[in-house]
Amino acid sequence: MKEIINKLNKYEIKIRKAVNSHLNGNFSSVFKGTGLEFSDLRTYQYGDDVRAIDWVATAKGHGAYVKIFKEEKEQTVFFMLDVSGSQDVGKDGSLKIDTAKEICGVLTLSAIKEASQVGLYCFSDQKELYLKPESGMKQAYNIISKMFRLEPLSLKTNLQEAIAFALNILKRKSVIILISDFLDKDYSHNLKALARKHDLVVLHIYDKREVNLPSLGIVPVYDKEAGKTTWINTSSRFFKREMRDIFEENSSELEKLCKQNKANYLSIESGANYVNSLIQLFRYRK
């Protein structure tokens with residue numbers, strides 16, 4: 001565990017330095033983008049952002065008014081981590097779940113260092129682990145330790161129920177980081193609701209074998225979630241093209257859904273350098 005935490009700290013520092021060196025402003029804006037609450041009204045002045053105009057007050061005819069916001073003392077960052085059987089794919093040491101846990105750990109350290117309250121919900125088709133949002137480095141180490149030691153009780157996935165849990169448990173607007181391979185159906189309605197209520201970041205983890213399966217002839221493939229083995233011809237051009245088309249269609253639909261509902265979307269290949277991908281995400285959020 002000490003080696004894991006040292007590795008995550010190294011990556012977190014690298015990301016923080018990269019973001020701060022390339023952009024003006026503070027790294028904290030990555031997590032505090034929605035940490036504002038209404039404070040008061042004042043008359044409109046030249047140069048004010050027109051999006052801050054309170055049209056209800058302005059319509060009364062006494063001049064234009066803009067809303068004044070103040071930063072909330074604490075922002076809640078809530079991680080939702082898919083730990084179902086489909087995440088257990090890839091090379092040893094760089095499975096999808098390995099990459100997902102490392103990303104969750106790195107971002108947990110980042111959020112805690114910005115004085116945010118951080119919580120975690122690991123799910124399959126049931127609640128596997130829930131840690132309510134708290135602040136402090138003790139919370140960060142608790143999240144990382146329990147997350148990496150977690151042995152899921154179920155191999156199946158239910159994104160719809162997982163999102164419903166978050167919608168019920170989080171009463172105030174939070175930054176939600178949803179990490180999954182999104183190999184599930186019928187979750188789009190709840191995902192839209194989550195994006196409307198919170199500041200949502202979707203991290204889509206995939207393995208390159210889901211896009212380009214190597215030619216190995218006719219081989220048995222075991223579906224951990226379904227618990228059955230299927231024989232497939234990995235050398236078939238038709239099968240390869242169909243597999244790639246299905247993956248690209250699902251990814252495109254997920255990205256489109258996120259954009260339509262103002263959620264951030266980022267796809268990350270398991271085993272690849274996710275540090276650069278996270279830097280790209282943070283630059284976009286700033």
Side-chain angles (χ1 to χ4, degrees), residues 78-90 95-101 103-104 120-130 150 152-170 176-213 220-234 236 238-270:
F78 192 73
F79 291 93
M80 297 179 62
L81 177 63
D82 181 354
V83 294
S84 62
S86 63
Q87 290 275 63
D88 196 19
V89 172
L95 304 175
K96 285 194 288 185
I97 190 60
D98 296 330
T99 300
K101 285 182 176 181
I103 290 172
C104 187
L120 172 68
Y121 178 55
C122 296
F123 65 91
S124 52
D125 63 341
Q126 63 185 47
K127 181 172 70 174
E128 298 287 353
L129 174 65
Y130 169 63
L150 177 65
L153 298 176
S154 174
L155 296 174
K156 297 182 179 181
T157 313
N158 193 327
L159 272 165
Q160 184 182 25
E161 288 297 320
I163 296 171
F165 175 86
L167 285 168
N168 290 329
I169 205 74
L170 297 172
I176 295 184
I177 300 177
L178 175 55
I179 308 173
S180 173
D181 56 11
F182 294 92
L183 296 179
D184 198 12
K185 298 178 180 179
D186 303 324
Y187 62 83
S188 60
H189 178 75
N190 281 11
L191 190 71
K192 290 178 184 177
L194 193 68
R196 285 195 296 267
K197 186 177 179 181
H198 300 281
D199 180 7
L200 178 62
V201 179
V202 169
L203 300 183
H204 181 193
I205 310 298
Y206 71 94
D207 186 83
K208 61 183 179 182
R209 294 162 189 78
E210 296 170 329
V211 186
N212 186 21
L213 196 67
V221 176
Y222 182 65
D223 185 336
K224 294 191 70 173
E225 292 199 20
K228 63 180 182 180
T229 300
T230 304
W231 289 81
I232 61 173
N233 184 2
T234 60
S236 166
F238 174 78
F239 176 78
K240 285 175 175 289
R241 184 170 62 251
E242 185 180 35
M243 187 177 181
R244 184 173 60 252
D245 289 347
I246 291 173
F247 172 82
E248 291 178 351
E249 181 181 354
N250 291 340
S251 299
S252 178
E253 288 181 358
L254 177 59
E255 184 175 8
K256 182 180 178 181
L257 181 65
C258 290
K259 287 182 177 179
Q260 288 175 341
N261 293 277
K262 298 181 180 179
N264 296 134
Y265 171 85
L266 181 66
S267 62
I268 300 176
E269 180 185 336
S270 61

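Note that these values count all heavy atoms, side chains included, but never hydrogens, waters or copies made by symmetry.
To the nearest 0.5 angstrom, I179 atom CD1 is 9.0 Å from I97 atom CD1. In this structure, CD on Q87 lies 5.5 Å from OG on S180, to the nearest 0.5 angstrom. Once rounded to the nearest 0.5 Å, the distance linking CD1 of I268 with OG of S270 reads 10.5 Å. For the atom pair CG of L200 and NZ of K192, the computed distance is 13.5 Å after rounding to the nearest 0.5 Å. Note that the CD1 atom of I176 and the CZ atom of F78 stand 7.0 Å from one another [nearest 0.5 Å]. How far NZ of K256 is from OG of S188: 12.0 Å, rounded to the nearest 0.5 Å.
The side chain to side chain contact (heavy atoms under 4.5 Å, CB included) search around K259 returns E255, not counting sequence neighbours. For D181, the salt bridge (charged side-chain N to carboxylate O under 4.0 Å, His left out) partners are K96, not counting sequence neighbours. Listed by chain and residue number, nothing satisfies the side chain to side chain contact (heavy atoms under 4.5 Å, CB included) test with N168 (two or more places apart in sequence, or in another chain). By the salt bridge (charged side-chain N to carboxylate O under 4.0 Å, His left out) test, K197 is found to be paired with no residue, residues two or more places apart in sequence or in another chain being considered. Considering only residues two or more places apart in sequence or on other chains, F182 meets the ring-ring contact (aromatic ring centres under 6.0 Å, His included) condition with Y187, H204. Qualifying salt bridge (charged side-chain N to carboxylate O under 4.0 Å, His left out) partners for D207, counting only residues two or more places apart in sequence or in other chains: R209. Qualifying side chain to side chain contact (heavy atoms under 4.5 Å, CB included) partners for A164, counting only residues two or more places apart in sequence or in other chains: N190. In this structure, the side chain to side chain donor-acceptor pair (under 3.5 Å) partners of E128, at least two apart in sequence or on a different chain, are S124. Residues satisfying the side chain to side chain contact (heavy atoms under 4.5 Å, CB included) criterion with I246, sequence neighbours excluded, are E242, N250.
Considering only heavy atoms from C-beta on, F165 comes within 4.5 Å of Y121 through its side chain. In this structure, L81 and L150 have side chains that are not in contact, with every pair of non-hydrogen atoms separated by 4.5 Å or more. The closest side-chain heavy-atom distance from L254 to L191 is below 4.5 Å. When side chains are defined from C-beta on, I232 counts as touching T230, because their heavy atoms get closer than 4.5 Å.
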>> Using the rule given for side-chain contact (heavy atoms from CB on, under 4.5 Å), can you reason through I205 versus I103, listing the C-alpha separation, both sets of side-chain angles and the distance that settles it, and then say yes or no?
In response: CA-CA 10 Å; I205 310 298; I103 290 172; 4.0 Å; yes

>> Could you go through V83 and F123, starting from their C-alpha distance and side-chain angles, then the distance that decides it, and tell me whether this counts as side-chain contact (heavy atoms from CB on, under 4.5 Å)?
In response: CA-CA 6 Å; V83 294; F123 65 91; 5.8 Å; no

>> Walk me through whether L194 and M80 qualify under side-chain contact (heavy atoms from CB on, under 4.5 Å).
In response: CA-CA 12 Å; L194 193 68; M80 297 179 62; 4.3 Å; yes

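A side chain to side chain donor-acceptor pair (under 3.5 Å) check over residues 152-167, counting only residues at least two apart or in different chains, returns the pairs S84-T157, D125-S154, T157-E225.
For the pair S251 (side chain) and F247 (backbone), a donor-acceptor distance under 3.5 Å is present.
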